[in-house]
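Working notes for the structure below.
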There are 4 protein chains.
Amino acid sequence: MTDQNSHPHPKHLIDVAPLSTALEKFAIDRDWTQFHSPKNLVMALSGEVGELTEIFQWMTEAQSLTAGANPETSLAVKDELADVQIYLVRLAAVLGVDLNAAVQDKLQKNAERYPADKVRGSNKKYTER
Amino acid sequence: MTDQNSHPHPKHLIDVAPLSTALEKFAIDRDWTQFHSPKNLVMALSGEVGELTEIFQWMTEAQSLTAGANPETSLAVKDELADVQIYLVRLAAVLGVDLNAAVQDKLQKNAERYPADKVRGSNKKYTER
Amino acid sequence: MTDQNSHPHPKHLIDVAPLSTALEKFAIDRDWTQFHSPKNLVMALSGEVGELTEIFQWMTEAQSLTAGANPETSLAVKDELADVQIYLVRLAAVLGVDLNAAVQDKLQKNAERYPADKVRGSNKKYTER
Amino acid sequence: MTDQNSHPHPKHLIDVAPLSTALEKFAIDRDWTQFHSPKNLVMALSGEVGELTEIFQWMTEAQSLTAGANPETSLAVKDELADVQIYLVRLAAVLGVDLNAAVQDKLQKNAERYPADKVRGSNKKYTER
């Protein structure tokens with residue numbers, strides 16, 4: 001699934017290469033690459049998003065906006081966001097996907113699919129996303 | 001929840017700043033910032049991980065390793081990985097979380113929690129992660 | 001969303017009424033009905049499925065088949081399955097959905113969508129489900 | 001993981017036996033039991049919860065309370081609730097878990113963990129659940 005060279009003029013939107021390298025070394029050092037199939041990593045990613053969800057489930061939207069004011073909540077949120085990012089980068093690595101190129105393609109699609117002048121202020125179109 | 005300056009010697013593991021800026025502009029142009037509460041964005045992130053999960057649910061682990069061989073599957077996977085990355089960066093932005101610092105902290109914790117010589121080859125300790 | 005009477009000849013597939021009543025009382029006794037919006041309950045359901053996912057994420061499929069052999073795992077699995085069932089019934093209740101009727105309709109749709117003689121042994125069609 | 005007889009005085013909270021039987025027949029008729037490992041079914045369950053989440057992600061809590069007023073949304077919600085119930089029952093079946101007993105045990109635990117007079121009106125304790 002390697003597509004590192006598929007973009008003739010790749011725009012730099014994200015760079016996750018140093019993290020990807022660090023995670024591969026971490027896994028090799030522990031002989032954990034055997035557990036890192038895409039199927040397993042998708043489940044691990046999903047589990048971490050579940051933990052993130054639990055933090056916000058009983059908050060109102062307004063409360064969620066100031067979730068960082070409580071130091072304990074803030075720390076938990078950072079921890080879970082990091083876990084999601086970590087598993088996402090590891091998953092992309094084992095699948096050979098260039099996350100930056102994938103994101104660039106998706107932004108392009110979204111710009112075509114949701115023209116600003118047509119969807120302004122509507123969560124209807126948004127919902128269809 | 002801003003913690004951009006909490007790391008005296010921040011290591012560069014990921015850089016998501018250009019994507020974060022692009023996503024904020026995308027939302028402002030469509031007057032969608034009103035929908036981007038952390039609570040809503042966590043749900044959107046979770047929904048995208050659900051779509052990613054559906055791609056892999058009936059595959060064996062071995063099949064998941066070569067998921068990229070099928071062009072249709074490969075495209076779907078890239079699309080969903082991008083969506084997860086996009087919502088994660090947007091969520092971190094509205095929460096004021098520096099993803100790079102959060103990831104750095106988490107790697108540090110993981111290194112302490114899973115010493116290579118103690119957990120090598122074990123998915124037991126791993127499961128406890 | 002009440003549809004208790006929409007099925008002229010409802011088949012009994014599941015009965016969740018006693019649990020639904022017990023959960024409503026539990027919430028009222030604690031003044032928790034204020035937190036039980038469908039949006040919040042969907043998140044709670046999602047969080048519990050995340051915990052269930054974490055139990056199985058590093059297992060092979062073969063290992064998952066005998067997950068009950070380990071008493072600790074078995075207990076954790078029962079706990080999470082119960083949580084998922086509890087939030088699902090509570091969610092259906094606040095939405096006024098008759099789960100039995102909904103399940104009956106879905107089985108009917110699935111039978112039409114996946115004729116046994118056309119999809120036998122294939123996880124391709126299944127994947128498209 | 002069979003525990004059908006572990007409750008000396010089982011209370012009837014839910015009955016999912018007819019659905020469980022119907023789902024097993026559905027899978028056998030299509031030779032799909034080979035795909036129904038607990039690991040795969042947890043992913044399928046998770047994917048369906050993801051679809052349910054997507055319906056509610058941009059709604060306010062107030063909007064989610066009247067989600068059934070829109071016929072299209074109402075139909076989608078019933079469909080996804082049914083899918084979640086279906087995969088949950090199928091998963092419990094392949095694991096040999098008696099959902100009614102599991103739910104009964106969990107309600108007992110919850111009653112002990114959240115005494116009504118101690119947690120009334122608080123989503124703090126609730127969050128810790």
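Residue numbering restarts at 1 for every chain, and letters A, B, ... go by the order of the sequence lines.
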Interface moiety of B:T60 toward chain A, non-hydrogen atoms closer than 4.5 Å:
backbone
So which of B:A111, B:G50, B:A44, B:A17 has the biggest tally of heavy-atom pairs under 4.5 Å with chain A?
B:A111
Output the option from B:P38, B:A82, B:S46 having the highest count of non-hydrogen pairs under 4.5 Å with chain A.
B:P38
If you tally heavy-atom pairs under 4.5 Å against chain A, which of B:D79, B:D117, B:T21, B:L65 wins?
B:D79
Distance-only side-chain donor-acceptor flag, B:Q104 / B:Q108, under 3.5 Å
no
B:E61 backbone acceptor or donor facing A:S37 side chain under 3.5 Å:
no
For chain B, the option from A:M43, A:Q85, A:Q34, A:Q63 that forms the most heavy-atom pairs under 4.5 Å:
A:Q85
Salt bridge (charged side-chain N to carboxylate O under 4.0 Å, His left out) partners for A:D15, two or more places apart:
none
Checking the side chain of A:K39 only, and the main-chain atoms of B:M59 only, is there a donor and an acceptor separated by less than 3.5 Å?
yes
Only pairs at least two apart or in different chains count here, so list each salt bridge (Lys or Arg N to Asp or Glu O under 4.0 Å) that has a residue in residues 17-38 of chain A.
A:K25-A:D29
Could you give me the CA-CA distance, side-chain angles and deciding distance for B:K106 and A:D83, then say whether salt bridge (Lys or Arg N to Asp or Glu O under 4.0 Å) is met?
CA-CA 7 Å; B:K106 198 60 203 284; A:D83 280 333; 2.6 Å; yes
Side chain, backbone, both or neither of A:N40 within contact of chain B (heavy atoms, under 4.5 Å)
side chain
Taking every non-hydrogen pair under 4.5 Å, which of A:V49, A:L88, A:L91 racks up the most with chain B?
A:L88
